[in-house]
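Everything quoted here is computed from the prediction, not taken from an experiment.
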Amino acid sequence: MVKVKVFVTLKEGVLDPQGKAVKGALHSMDYFEVSDVTIGKYMELTLEENVNIKERVQEMCEKLLANPVIEEYHYEIEEALQR
């Protein structure tokens with residue numbers, strides 16, 4: 001088994017109302033050192049080792065996990081998990 005961490009964020013230039021709301025909330029709490037906030041998604045997948053991990057994860061991201069029109073993604077493949 002292999003664990004894959006998938007990170008999905010909005011593409012540059014796409015409006016991020018959640019990020020703006022969190023930034024505003026942080027500023028209202030006197031955290032003025034925060035200059036920007038981007039909200040995204042984080043997922044962990046566990047896959048069988050007998051498949052082409054990179055190919056399958058990329059396919060999953062493009063078909064379901066991310067909206068390629070407005071979002072970008074990257075993923076990290078971790079060492080094999082113990083059973």
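- Counting non-hydrogen atoms of neighbouring residues, nucleotides and ligands closer than 6.0 angstrom, the OH atom of Y42 exceeds 12 such neighbours.
- A side-chain contact (heavy atoms from CB on, under 4.5 Å) with V57 is found for exactly one of V2, V51, L47, namely L47.
- K11 and E71 are not joined by a salt bridge, as no carboxylate oxygen comes within less than 4.0 angstrom of a charged side-chain nitrogen.
- Going from atom CE of M60 over to atom CD of Q58 covers 11.5 Å, rounded to the nearest 0.5 Å.
- For the residue pair L10 and E72, the shortest heavy atom distance occurs at O-OE2, 4.0 Å.
- Using modelled atom types, one finds a donor on one side chain and an acceptor on the other under 3.5 Å when comparing Y73 with E62.
- Other residues, nucleotides and ligands place no more than 12 heavy atoms under 6.0 Å from the NZ atom of K54.
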### Message
Under the criterion side-chain contact (heavy atoms from CB on, under 4.5 Å), I'd like the reasoning laid out for H74 against T9: C-alpha separation, chi angles, the key distance, then a yes or no.
### Response
CA-CA 9 Å; H74 71 275; T9 56; over 6 Å; no
### Task
List the steps and the verdict of side-chain contact (heavy atoms from CB on, under 4.5 Å) for D16 and K23.
CA-CA 11 Å; D16 183 0; K23 178 183 168 186; over 6 Å; no
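- Between atom CD1 of residue I77 and atom NZ of residue K5 there is a gap of 12.5 Å, rounded to the nearest 0.5 Å.
- Formation of a donor-acceptor pair under 3.5 Å by the K41 side chain with backbone atoms of A66 is not found in this model.
- Here CZ of R56 is found 12.0 Å from CG of L45. Values are rounded to the nearest 0.5 Å.
- Counting non-hydrogen atoms of other residues, nucleotides and ligands closer than 6.0 Å to CD of E12 gives a total of 12 or fewer.
- Using cut-offs of 30° and 60° for the angle between ring planes, the H27 and F32 rings count as tilted.
- Here the CD atom belonging to E59 is positioned 11.0 Å from the CG atom belonging to L65, to the nearest 0.5 angstrom.
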